[in-house]
Amino acid sequence: MSARNLWSFGLALVWTGGVVLGAAVQTPSAQTPSAHASTPTDAPRRTAPYDTELVAAFERLPVQSEGRVKPFLAFTEYLLLRLNERRSFTIPDSEAFGELAGQRLSSVEWALDLMLYPEQADTYPVIVVPDRDVLDLIGLSSIANTKRQRHSWNEFGPGIERLQEYAREYGRIEEDKRSRIQNLAVYLFHDLVEYHNLRSAFAVFSGRYSGPRAQIVTGAFTDGDGVIRPTDSLRRLDRLAEVWRELSAKTEPGATAANGGEEADSIGQVIGWTGEVMEAAGPLAWLPPAATGQEEWLAPKALFDGLLRDGNEVWDVRVGAIEHVQRFADAARNPVALATAGRAFVTAMREMSSPHAAIHDIDAEVSYLRGDWFGKALYCFLFGFLAAAASWLRLRSKALYRVTWALGLAGAALVVWGVVQRCVLLDRPPVSTLYETILFVTGVAVIVALFIEWIGRRRVALSLAVLLGAVGMFVAYMYESHKGTDTLEELRAVLRTNFWLGVHVTTVTIGYSATLLAGFIAQVFLFGKLFGAKRDDPAFYQGVVRMVYGVLCFATFFATFGTIAGGIWANDSWGRFWGWDPKENGALMIVLWQLVTLHGRMGGFFRNWGLCLMAVIGNAVVAFSWWHVNALGIGLHTYGFDASLYAGTMIFYGTQGLALGAGAFACWSERRALASRSVDPDVAPAKRTLLADV
Amino acid sequence: MILSRTLTPTACAVLLAACGGSDRIVDVQEARAVKRPAPRLDATSAERFAPPRSESAPMGGSQSGAEPFAYALPQGWAKLSRVPMRDINLTAPGEVQCWVSVLPPSSTALAHLARWHGQLGLPAPDATAIDALPRVPLLGGEAMRVDLRGADGTKRLIASMLLAPARQVFVRMEGAPDAVEAQLAALRRFEESLREAPVVAGGDGSDEPEPAFGWTVPPTWKAVTPGPMMLQQFDLGDEVKCWLTLLRGDGGGTENNIARWCGFAGKAPLGSDEIEALERWDVLGARAIYVPLLGDDGKPGLVGIMIPLATHTLYVRMSGSSGALKGRLEAFKTFCTSLERRT
Amino acid sequence: MKPVLQKILAVLAGFPLAVGLLFFTFIATWLGTLAQKDIGLLEAQHKYFESLVYIGPEEALFGFLRFPLPGGMLLMSLLAVNLVLGGIVRLRKSWSRAGILVMHTGVVMLLVAGWVRLEYAEDGSIGLLEGERGDEYVAFHEYEVAVGEIGAEGVVREWVVADEALRAASGTSTSTASFAGQPLRLTLSGFALNARVVPAGVMPGTRSATVDGFSVQTLKPEAEAEFNLPACYVTAFREGDSAQGGILWLGARQPWTVRAADRTYVIELRKRRYPLPFSIELVKFTHEYHPGTNMPRHFQSDVLVHDGTGAPQPQRVRMNEPLRRDGFVAYQHQFRDTGSTQLYSELQVVKNPADQWPLWSLIVMTAGMLAHFVTKLVRWIVRETETLQAGATR
């Protein structure tokens with residue numbers, strides 16, 4: 001299987017896209033329809049907060065991005081997350097920002113500012129530059145010297161072209177070969193392009209044509225107030241184009257007014273101006289396609305091209321959409337009118353897109369995003385963990401135990417609910433991306449731990465459930481904000497719709513999860529012994545070991561089944577059951593490690609201590625398979641990685657190494673103590689082979 | 001006697017083994033009956049081993065971000081973004097499209113020709129049509145030139161196909177017959193200019209040591225930390241920076257670099273005759289191209305010089321506002337001419 | 001003698017061997033995965049997983065420590081033996097162990113399937129433009145030297161020197177091939193797995209021979225073995241004529257022409273081709289992207305299968321829905337989008353006698369695991385509940 005071709009093919013396409021985006025920034029002047037637009041010297045400024053209903057409406061505005069129709073909220077949240085590393089932006093409490101100083105803007109509010117009041121939004125310090133070396137690189141040392149990490153578009157102004165130069169240069173280097181600064185420069189530039197693309201997406205529609213008006217132009221636009229707005233020309237674009245073609249065919253280039261040259265030129269100017277406005281509105285695809293069968297949504301420029309190509313008859317309905325947005329943009333100076341026009345715009349757009357199946361999940365997705373289930377679960381688990389910790393100090397407290405149970409269950413329910421909602425929204429099995437594995441692994445670990453607690457009531461599993469839940473949700477949160485892209489993402493063809501694929505990822509992920517759980521329960525044993533907890537309760541430790549063993553068996557079942565199911569999927573998809581691909585090998589390593597552990601114990605090579613130590617190593621094996629192999633940069637399964645995730649993996653290895661060392665030390669000291677008492681209840685007297693009883 | 005009989009072959013075997021070589025004898029009995037058009041017979045070694053575009057990517061085009069070939073863009077033509085199967089994608093005046101695609105060896109010349117005939121609504125060609133095709137030089141090989149007009153007279157298709165066992169290269173031009181006619185000369189120039197893309201840093205030849213240089217720094221210049229990929233950087237005051245970069249080979253092509261520099265200085269790319277007209281300086285024993293890209297005083301500007309060396313190209317660039325640059329041209333020239341090689 | 005045999009049997013069937021084998025398989029998998037970064041997947045596969053012994057790790061510990069370790073082939077063969085003897089034959093038969101027995105049987109089936117795949121499968125790909133038809137597919141990493149005889153209608157007959165003989169012609173060894181009565185004999189030498197052919201004098205000090213002003217420069221094999229361009233020297237001994245020297249190279253643009261007696265041959269080094277007993281015609285290729293992106297969502301090839309008897313049969317090949325016929329399976333592999341009319345689709349073709357065995361083994365294994373682990377789970381729940389109740393009554 002030549003995976004390389006497949007992937008690099010995709011990459012090349014992404015790169016091509018980058019070039020196109022890059023071109024947009026290279027000539028910012030071409031993006032601003034300055035030619036004949038009456039540039040308002042006093043650009044509108046927002047002075048009052050947005051109407052809440054207006055914001056709520058815009059959250060639900062359907063747009064298409066990254067291959068999917070999604071609510072505008074999803075689009076803005078991740079854009080802001082990338083730029084600002086947060087999902088909201090607080091305007092600094094400084095006089096320069098007038099009435100709005102200190103206000104917290106949701107992502108949609110910020111985006112509306114950018115789209116309606118670009119001059120104002122350009123002063124917001126919203127762009128995070130994580131390393132000042134990047135600023136030095138592009139000659140912005142002066143702003144790098146300020147203490148702020150966040151800078152405004154205007155501050156970047158002079159450095160953007162230089163940044164582009166570097167981004168292009170570095171863009172040629174393969175991603176994993178770039179240095180940190182090179183990568184940052186490429187990403188930063190990419191983010192700035194997106195900022196620029198959204199900027200003025202609506203504001204441009206408040207423009208008026210102010211170019212030459214020959215008789216013919218005045219004649220063509222007699223119906224209105226004499227002012228020519230974008231829709232005035234869009235409404236009759238096909239006729240204008242026809243007239244222009246006729247006139248141009250009759251006249252030579254450079255003809256004078258007397259023989260019609262001026263007329264042709266004047267009509268041409270109007271058409272050109274309209275095209276510029278539509279192009280300046282950027283690539284945000286918010287216009288639904290003309291026919292229900294089509295799937296590609298349009299940016300305004302595509303509508304303009306469509307009008308010229310197919311005529312107004314086909315596209316006039318969509319011109320209505322532009323009329324709405326134009327009214328909205330015109331109302332920028334009047335908050336009341338703005339709210340009315342904005343709601344009307346969104347209502348109209350939702351109506352227009354209603355025949356398209358793709359929008360049916362928009363409201364559900366808004367509720368998913370607004371719900372922030374995983375964030376809430378994080379809080380449940382955190383408080384649950386506090387309760388659990390307290391309950392260990394006050395062992396008799398039934399109330400704290402119950403509170404922990406309640407919070408653990410609530411957290412688990414939130415995770416399950418979130419995952420289910422994702423499945424419904426995306427119409428696919430729960431695990432397809434790396435982000436989803438985090439959610440799923442956490443959910444399964446919590447649920448299995450809660451089940452063990454329900455059966456055994458030893459408090460150990462319950463405490464671990466809330467602890468692991470909190471850690472897992474935190475990792476998910478970090479991963480998401482680090483990646484900064486929509487986690488509800490579409491998949492490429494290989495990863496779509498196959499029974500065995502769904503079975504494989506789900507089961508193998510349960511395998512990861514249970515292996516980790518066993519490893520953490522084992523650490524309860526090791527650290528408990530190390531710190532001498534429950535010294536007089538051997539039954540407690542026996543119970544813990546049984547838990548480790550039981551969970552390992554559970555893990556082995558799922559890991560084995562999942563790994564082989566993965567092979568069967570591969571065989572179904574490209575005729576090779578096993579390709580020794582790193583991700584496959586990682587899964588196999590987990591299975592092998594479990595088999596070594598289980599057979600080693602069955603063979604009597606080690607018992608309680610050994611089992612627990614082996615289970616801790618199992619954690620490192622899972623980390624290798626789950627995260628580390630992605631950093632090797634080889635194979636089909638690597639979903640893309642990041643240096644900091646690699647660092648995270650290394651830190652995890654470190655912690656597990658410490659646990660292993662501490663456990664080994666505890667084992668050694670216990671055996672020494674027992675030997676001095678020459679009583680050894682834990683060691684089978686008969687068999688001492690191979691690994692002895694570590 | 002018996003001993004010597006066994007010993008002799010053994011000794012021979014040992015001797016052979018000592019020489020390290022053995023000869024495996026195979027007798028291929030089975031012949032497969034096939035039916036394939038004959039390849040070009042009696043190709044010379046030079047034709048057979050003309051350098052491939054990229055040894056790591058016989059699949060061609062979309063492997064990496066860079067275009068597979070270097071070329072000079074004819075006047076009036078423009079580059080379009082690459083799309084699959086168009087590894088170089090260009091447009092010429094009169095809505096003429098021109099593109100280059102590189103395919104893995106997949107099909108015969110006749111099959112390609114037949115497909116094009118089909119696209120233009122022409123009757124299928126017969127097998128002799130291939131032999132009748134004129135040959136044109138392309139990338140050091142000989143390509144077959146196809147020139148077809150659509151059945152309805154609205155379209156003309158010109159294609160040069162270079163079929164090699166490792167890859168197939170196609171240069172295609174399509175458009176209205178008159179418009180294509182007007183671009184024929186440009187197409188010929190374009191085809192002549194096509195050559196294998198030079199391998200940039202990290203590719204082959206990387207075992208060559210990087211040359212080192214010395215220079216005299218003008219008194220007012222201040223050395224500052226060089227950015228990535230820079231050999232050295234100077235601060236000249238008034239936000240003017242001057243820096244040196246060294247790239248392998250021709251650093252991606254003179255035209256490409258100048259076009260990029262032009263973009264940086266906010267200017268339209270220079271045409272090939274404009275580049276031809278640029279001043280040349282003698283630096284480091286090479287004829288260096290001096291590229292001053294200056295605008296109105298407040299506008300960003302860039303002044304650069306490209307020094308082609310045996311294995312590398314050295315670039316010295318100075319950027320800042322055009323006004324500030326104008327006052328520093330002398331110092332720049334002094335600096336550039338002070339460059340010398342160090343070992 | 002008997003006790004010795006029994007001892008050997010006991011070791012081969014023993015627990016220590018099982019644990020050791022699993023452990024070293026784990027190590028081989030781990031090191032083999034890390035090695036892919038340095039030597040590429042195919043090379044790592046040969047070295048770590050298909051070998052008897054390997055020396056690892058690839059990146060020596062502390063810069064110098066490397067060990068000879070058991071390779072995948074050795075480990076898995078022994079594991080199969082150990083499983084059959086210890087995990088099946090000598091396993092104490094009881095109802096509580098029924099699950100284990102079934103499980104082990106499934107694993108043996110899987111190992112056998114893997115071995116059959118390794119030894120007997122042939123894979124490659126066939127790339128077609130719409131309207132084209134092909135009846136052979138091309139290996140990914142195997143090569144051959146093809147000798148084609150030119151007749152009235154182009155190449156009419158073809159003899160092939162196989163991959164094995166070609167690779168044998170490396171170092172100071174040579175391979176000599178004769179072709180059933182043809183007035184031509186070829187001696188191959190100096191095979192290099194990855195090379196380029198450069199004009200002589202480009203690399204001063206090179207020791208490789210020069211033929212017609214060109215010589216072979218050996219390169220490091222590519223990490224992606226598919227992109228290797230092998231080359232070799234060749235001498236053609238012609239009946240009643242002088243010998244003629246040449247260079248064969250996968251990257252060559254034209255084959256090498258040799259005339260012997262009154263016949264003309266074209267000789268080329270190419271990727272190994274396997275004939276198909278039928279031919280595939282690509283009628284139409286369809287693909288979809290996720291709207292507004294370049295990410296493929298779906299693609300498929302509509303093909304006609306011609307087997308020379310009766311009408312060609314239409315068939316659709318797409319992701320996860322291969323074309324199965326006469327022991328061959330063709331999968332939708334990749335494609336190239338022209339943006340216009342020229343669509344190119346590549347099917348991966350595999351002939352694997354053990355095609356569906358893993359599925360059967362999974363079914364067997366799952367049955368075994370379910371039986372075994374569910375019993376264990378129930379037992380654990382019962383035990384915990386009892387402990388709990390005991391605690392409550394106390």
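Within every chain, numbering begins at 1; the chains are lettered A, B, ... in the order of the sequence lines, protein sequences first and strands thereafter.
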Discussion item. Counting only non-hydrogen atoms closer than 4.5 Å, does B:E47 touch chain C with its backbone (N, CA, C, O), its side chain (CB onward), both, or neither?
Written reply: backbone
Worksheet item: Heavy-atom distance under 4.5 Å to chain B: side chain of C:R133, backbone, both or neither?
Response: neither
Item to complete: Compare all side-chain heavy atoms of B:V34 with those of C:P275 and state whether any distance is below 4.5 angstrom.
Response: no
Worksheet entry | Shortest non-hydrogen separation from B:A38 to C:I150 and the atoms involved | CB-CD1, 4.1 Å
Response to the item:
When the 4.5 angstrom heavy-atom criterion is applied to C:E149 and chain B, the contacting part is neither
Worksheet item: Taking everything shown except B:E30 itself, do over 12 heavy atoms lie less than 6.0 Å from its CD?
Response: no
Practice prompt. Report yes if some heavy atom in the side chain of B:L162 is under 4.5 Å from a heavy atom in the side chain of C:R253; otherwise report no.
Written response: yes
Worksheet item: Side chain, backbone, both or neither: which part of C:R259 has a heavy atom under 4.5 Å from chain B?
Response: side chain
Worksheet item: At a heavy-atom separation under 4.5 Å, does C:L269 approach chain B through its side chain, its backbone, both, or neither?
Response: neither
Practice prompt. Check the pair C:R157, B:R32 against side chain to side chain contact (heavy atoms under 4.5 Å, CB included), reporting the backbone distance first and the verdict last.
Written response: CA-CA 6 Å; C:R157 271 201 294 179; B:R32 264 167 67 194; over 6 Å; no
Worksheet item: In terms of heavy-atom pairs under 4.5 Å, which option from C:L188, C:T176, C:I126, C:T264 contacts chain B the most?
Response: C:T176
Worksheet item: Do the charged groups of B:R36 and C:E158 touch, with an N to O distance under 4.0 Å?
Response: yes
Item to complete: Report yes if the side chains of B:P39 and C:T257 come closer than 4.5 Å at any heavy-atom pair, otherwise no.
Response: no
Response to the item:
Closest heavy-atom pair, B:S45 versus C:F214, reported as atoms and distance to 0.1 Å, is CB-CD1, 3.5 Å
Worksheet item: Take atom CD in C:E288; do more than 12 heavy atoms of anything else shown fall under 6.0 Å from it?
Response: yes
Fill in: Minimum heavy-atom distance between B:V26 and C:A165, given as atom pair plus value
CG1-CB, 4.2 Å
Item to complete: Against chain B, work out which of C:S189, C:S175, C:G134, C:G171 has the most heavy-atom pairs shorter than 4.5 Å and name it.
Response: C:S175
Item to complete: Evaluate the side-chain proximity of B:L41 to C:V266: yes if any heavy-atom separation is below 4.5 Å, no if none is.
Response: yes
Worksheet item: Of the listed residues (C:G148, C:G151, C:S178), which shares the most heavy-atom pairs with chain B below a 4.5 Å separation?
Response: C:S178
Worksheet item: Under 3.5 Å, side chain of B:R48 to main-chain N/O of C:I247, donor-acceptor pair present?
Response: yes
